[in-house]
Peer 1: 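Dumping the structure here so I can ask a few things about it.
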Amino acid sequence: MSNQLIQPRTLSGFRDFLPEMMIPREKLMETARKVYRSYGFVPIDTPTLELSEILCGKGSEETDRQMYRFQHGKRDVAMRFDLTVPLARFVAQHHNELGMPFKRYHIGNVWRGERPQAGRFREFAQCDFDTIGTNSIASDIETVLVINDLIRAIGFEQFKIRLNNRKVLNGILEKANLAEHSVAVLRALDKLPKIGPEKVRLEMLETTGAPDSSIDQILMLSQISGTNREIIQQLGTLCEGNELAEQGREQLSEVIDATQALGLTEQNLEIDVSIARGLDYYTGTIVETFLTDLPSFGSICSGGRYDSLAQLYTKQQLPGIGASLGLDRLLAAMQQLDLIPNTKTTAEVMIVQFDKSKLSEYLKLAADLRRQGIAVELYPESKKLNQQFKYADRRGARAVIIAGTDEFASGVVQVKWLADGTQTELPLAENSNEIAEWLKTRLTD
RNA sequence: GUGGGUAUAGCUCAAUUGGUUAGAGCGCUGGAUUGUGAUUCCAGAGGUUGGGGGUUCAAGUCCCCUUACUCACCCCA
């Protein structure tokens with residue numbers, strides 16, 4: 001017999017979720033589902049593992065480097081890096097059955113072999129929503145509205161959705177004769193808030209070798225500031241004479257107008273002409289979302305519009321727009337901000353097992369309450385009362401129901417409200433209706 | 001993938017210039033209290049000081065390697 005134990009541990013960047021984390025994590029997923037469904041997005045799922053030829057080479061070299069990829073038998077397979085590439089394959093394969101436009105949401109884990117950091121993991125859940133098969137600005141507007149609803153439904157008011165449009169960027173690049181260097185230029189521009197215009201300028205000069213005058217035209221963007229309306233106005237001169245840029249500016253304007261009309265203010269939605277996002281398939285509106293209290297965590301919800309999602313898999317032209325909520329990043333942020341309540345139970349009510357011989361009565365009471373929509377836990381052992389109470393308290397139960405010899409004799413139960421220690425006597429009638437009603441009114445607080 | 005920092009009980013941290021058997025609070029298990037949690041008192045469990053190697057009479061402490069975490073790059077949810 002060997003006493004060599006294997007040390008229990010998880011891989012770097014991979015985590016276990018204990019109940020106190022998994023309960024709020026599931027709640028986040030439920031909130032996301034609810035918001036997406038309220039806009040008519042429908043759920044889909046795809047395999048986590050796909051042929052490498054499907055998943056690789058669709059993003060940048062960097063994403064390929066981060067992809068988990070291996071041989072299984074003779075097959076070259078990979079684990080999905082995001083939910084967008086699988087969606088592209090999915091709609092290319094099924095678009096005849098789906099019909100367009102198609103609005104789907106997808107909650108699932110993705111894997112990236114990169115160096116973990118706070119809020120960055122190798123396995124994490126994304127909650128994507130996309131509208132495919134339409135170029136209408138209505139979808140761009142709704143995308144912003146969904147993000148706003150979602151972050152608010154989760155409980156945040158201090159957040160900023162940053163909005164930009166790739167057409168503006170690409171048009172201005174065309175004007176400055178820098179279209180061929182768009183990746184390098186946009187990458188540098190994306191760092192503007194972080195490293196400032198001077199360093200951005202140096203990086204652009206270095207990576208493109210373009211003349212100062214061209215770079216200066218791009219850096220005019222860093223001068224832009226003010227309210228959303230003022231920014232759009234200032235973009236007027238910068239975009240002038242380039243059709244693409246003017247079109248992008250018009251789209252920005254439409255999104256701002258429509259969302260403002262619905263009460264979305266500058267506090268939560270702001271045009272930021274420096275954001276570039278993704279750099280690969282985005283072609284129009286782009287968005288990212290930051291928590292005001294934790295900007296260093298990066299964007300918790302980003303996305304944008306693309307002209308042709310599935311061009312690698314089908315000749316069908318499938319434009320669309322969507323965004324992805326970084327569920328695990330958001331959860332990590334909430335943990336850091338101390339917004340995760342310490343609840344280790346899913347049942348708000350616990351029944352004490354006072355008298356072993358009354359087990360069937362306890363089971364009946366629990367069943368009655370469950371039938372009326374209350375989650376109830378019966379303590380599994382007939383242990384000392386203080387231990388049963390301790391258990392209820394530590395798990396975060398809100399009420400404990402006590403029924404002992406005295407109570408059964410007079411046909412009542414005691415309901416103890418743990419927060420204030422008060423105890424209420426209620427009749428133990430046929431279907432436990434009165435108990436259920438009493439609990440329901442208290443539990444909704 | 002590149003560069004810096006950190007690693008002592010489940011958690012937060014102590015431990016004199018390297019010096020005896022590595023401590024505390026919280027948490028956990030039980031008791032005080034066989035009809036009541038959160039408060040109080042008592043007891044107990046829990047550590048090869050992340051792992052491996054080296055220097056030394058002696059290493060939690062110094063050196064090297066490795067792993068994990070963390071920060072900055074890269075990239076991004």
Side-chain angles (χ1 to χ4, degrees), chain A residues 3 5-16 18 20 28 32 59-67 81-84 107-128 147 183 187-188 190-191 194-195 203 275-280 287-291 296-303 322-333 336 342 344 350 352-356 379 382-408 413-423:
Chain A
N3 54 5
L5 294 173
I6 299 165
Q7 197 196 359
R9 59 205 171 122
T10 51
L11 288 166
S12 174
F14 291 75
R15 294 144 329 131
D16 286 327
L18 272 63
E20 56 265 43
L28 279 183
S60 61
E61 277 176 39
E62 179 65 21
T63 63
D64 281 4
R65 200 173 60 72
Q66 292 183 7
M67 190 116 47
F81 172 91
D82 64 15
L83 299 176
T84 306
I107 300 177
N109 281 359
V110 301
W111 291 267
R112 298 184 187 181
E114 65 171 344
R115 191 78 150 248
Q117 262 177 56
R120 301 175 65 157
F121 313 102
R122 288 182 169 168
E123 177 182 53
F124 60 95
Q126 290 194 322
C127 304
D128 279 32
I147 294 173
V183 171
R187 187 169 286 164
D190 211 41
K191 295 179 190 167
K194 212 168 184 177
I195 62 177
E203 185 175 325
I275 68 164
R277 275 293 101 197
L279 301 166
D280 293 313
V287 285
E288 51 184 35
T289 312
F290 288 81
L291 294 178
S296 65
F297 255 56
S299 174
I300 47 144
C301 188
S302 322
S324 178
L325 175 74
L327 183 130
D328 281 312
R329 173 171 290 182
L330 185 58
L331 191 70
Q336 191 149 324
N342 185 24
K344 300 183 183 183
M350 193 192 94
V352 159
Q353 194 171 339
F354 196 107
D355 179 349
K356 214 173 180 175
Y379 193 83
S382 175
K383 275 218 278 196
K384 279 184 186 172
L385 277 198
N386 67 3
Q387 286 176 27
Q388 300 195 44
F389 270 92
K390 214 170 186 175
Y391 173 90
D393 183 55
R394 267 203 297 260
R395 296 294 154 121
R398 301 179 71 190
V400 172
I401 299 178
I402 311 113
T405 326
D406 299 348
E407 283 81 8
F408 281 117
V413 298
Q414 303 287 340
V415 181
K416 180 160 180 171
W417 196 253
L418 290 184
D420 57 16
T422 56
Q423 210 154 294

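The sequence lines fix the lettering, A, B, ..., with proteins before strands; numbering per chain opens at 1.
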Peer 1: Show me the protein contacts with nucleotides 33-35 of chain B, counting only N or O atoms at under 3.5 Å.
Peer 2:
unit_1 : atom_1 : unit_2   : atom_2 : d
B:rG35 : O6     : A:Asp406 : N      : 3.1
B:rG35 : O6     : A:Asp406 : OD1    : 3.4
B:rG35 : O6     : A:Asp406 : OD2    : 2.8
B:rG35 : N1     : A:Glu407 : OE1    : 2.8
B:rG35 : N1     : A:Glu407 : OE2    : 3.0
B:rG35 : N2     : A:Glu407 : OE2    : 2.6

Peer 1: So, using salt bridge (charged side-chain N to carboxylate O under 4.0 Å, His left out) as the criterion, who are the partners of A:Asp128 when residues are at least two apart?
Peer 2: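 Testing A:Asp128 for salt bridge (charged side-chain N to carboxylate O under 4.0 Å, His left out), a comparison that skips the adjacent residues, returns A:Arg104.
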Peer 1: Please work out the stems of RNA chain B from pairs that are Watson-Crick or G-U wobble with both distances under 3.5 Å, keeping only runs of three or more consecutive pairs.
Peer 2: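 Only these stems qualify: B:1-7 with B:67-73, B:10-13 with B:23-26, B:28-32 with B:40-44, B:50-54 with B:62-66.
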Peer 1: Does a side-chain N or O of A:Lys191 approach OP1 or OP2 of B:rC74 to a distance below 4.0 Å, or not?
Peer 2: yes
Peer 1: Do A:Arg112 side-chain atoms and A:Phe81 backbone N/O form a donor-acceptor pair below 3.5 Å?
Peer 2: yes
Peer 1: Could you report the tightest heavy-atom contact between A:Gln388 and A:Gln353, atom names first, then the distance?
Peer 2: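 So the two residues come closest at OE1-N, 2.8 Å.
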Peer 1: With a 4.0 Å limit, can you tell me whether A:Thr63 has a side-chain N or O closer than that to the phosphate oxygens OP1/OP2 of B:rC76?
Peer 2: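 Result: no.
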Peer 1: Taking 4.0 Å as the cut-off, does a side-chain nitrogen or oxygen of A:Gln117 come that near to OP1 or OP2 on B:rC69?
Peer 2: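 Looking at the OP1 and OP2 atoms of B:rC69, neither is under 4.0 Å from any side-chain N or O of A:Gln117.
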Peer 1: Can you list everything that forms a salt bridge (charged side-chain N to carboxylate O under 4.0 Å, His left out) with A:Arg65? Sequence neighbours excluded, please.
Peer 2: A:Glu62
Peer 1: Would you please name every residue forming a salt bridge (charged side-chain N to carboxylate O under 4.0 Å, His left out) with A:Arg120, sequence neighbours left out?
Peer 2: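 Salt bridge (charged side-chain N to carboxylate O under 4.0 Å, His left out) check on A:Arg120 returns A:Glu114.
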Peer 1: Identify which nucleotide among B:rG30, B:rC76, B:rC75 has an atom closest to any side-chain atom of A:Gln387, counting heavy atoms from C-beta outward.
Peer 2: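 Per side-chain heavy atoms of A:Gln387, the pick is B:rG30.
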Peer 1: Would you indicate what A:Gly396 reaches in the nucleic acid, counting non-hydrogen atoms under 4.0 angstrom: base, sugar-phosphate, or nothing?
Peer 2: nothing
Peer 1: Under 4.0 Å between any heavy atoms, over every strand shown, what does A:Ala118 touch: base, sugar-phosphate, or nothing? Just pick one.
Peer 2: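 Here A:Ala118 touches the backbone only, sparing every base.
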Peer 1: From the set B:rA77, B:rG31, B:rA38, return the single nucleotide nearest to any side-chain atom of A:Lys390.
Peer 2: B:rA38
Peer 1: A:Glu123: which residues meet the salt bridge (charged side-chain N to carboxylate O under 4.0 Å, His left out) condition with it, sequence neighbours left out?
Peer 2: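 In terms of salt bridge (charged side-chain N to carboxylate O under 4.0 Å, His left out), with neighbours along the sequence ignored, A:Glu123 is linked to no residue.
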Peer 1: Using atom P in both nucleotides, what's the gap between B:rG1 and B:rC63 to the nearest angstrom?
Peer 2: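 To the nearest whole Å, 26 Å.
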Peer 1: Quick one: list whatever passes ring pair (Phe, Tyr, Trp, His ring centres under 6.0 Å) with A:Tyr391, sequence neighbours left out.
Peer 2: A:Tyr379
Peer 1: Can you find a donor-acceptor N/O pair under 3.5 angstrom joining the side chain of A:Arg112 to the base of B:rC76?
Peer 2: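 No, no donor-acceptor pair under 3.5 Å.
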Peer 1: Answer with base, sugar-phosphate or nothing: what part of the nucleic acid does A:Ile300 contact at a heavy-atom distance below 4.0 Å?
Peer 2: sugar-phosphate
Peer 1: A:Ala188: which residues meet the side chain to side chain contact (heavy atoms under 4.5 Å, CB included) condition with it, sequence neighbours left out?
Peer 2: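 Listed in chain order: A:Val200, A:Glu203, A:Met204.
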Peer 1: Counting just side-chain N and O atoms, does A:Arg394 come under 4.0 Å of either OP1 or OP2 of B:rU29?
Peer 2: yes
Peer 1: Less than 4.5 Å apart, side chain to side chain, heavy atoms only: is that true for A:Ile402 and A:Val413?
Peer 2: no
Peer 1: With sequence neighbours excluded, tell me which residues meet side chain to side chain contact (heavy atoms under 4.5 Å, CB included) with A:Lys194.
Peer 2: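 If we apply the side chain to side chain contact (heavy atoms under 4.5 Å, CB included) test to A:Lys194, skipping adjacent residues, there are no hits.
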Peer 1: NA contact type, A:Phe297, heavy-atom cut-off 4.0 Å: base, sugar-phosphate, or nothing?
Peer 2: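 The residue A:Phe297 makes no contact with any strand.
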Peer 1: Return the set of residues passing side chain to side chain contact (heavy atoms under 4.5 Å, CB included) with A:Ser302 (not counting sequence neighbours), or none when no residue passes.
Peer 2: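 A:Arg277, A:Glu288, A:Ser299.
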Peer 1: If you assign each of A:Tyr391 and A:Gly326 to its closest nucleotide in RNA chain B, which residue comes earlier from the 5' end?
Peer 2: A:Tyr391
Peer 1: So what does A:Gln388 touch, heavy atoms closer than 4.0 Å: a base, only the sugar-phosphate, or nothing?
Peer 2: nothing
Peer 1: Report all interatomic pairs (protein N or O, nucleotide N or O of nucleotides 2-8 of chain B) with separations under 3.5 Å.
Peer 2:
unit_1 : atom_1 : unit_2   : atom_2 : d
B:rU2  : O4     : A:Arg115 : NH1    : 3.4
B:rG3  : O6     : A:Arg115 : NH2    : 3.4

Peer 1: Could you pull out all residues at least two apart from A:Lys384 that satisfy side chain to side chain donor-acceptor pair (under 3.5 Å)?
Peer 2: none
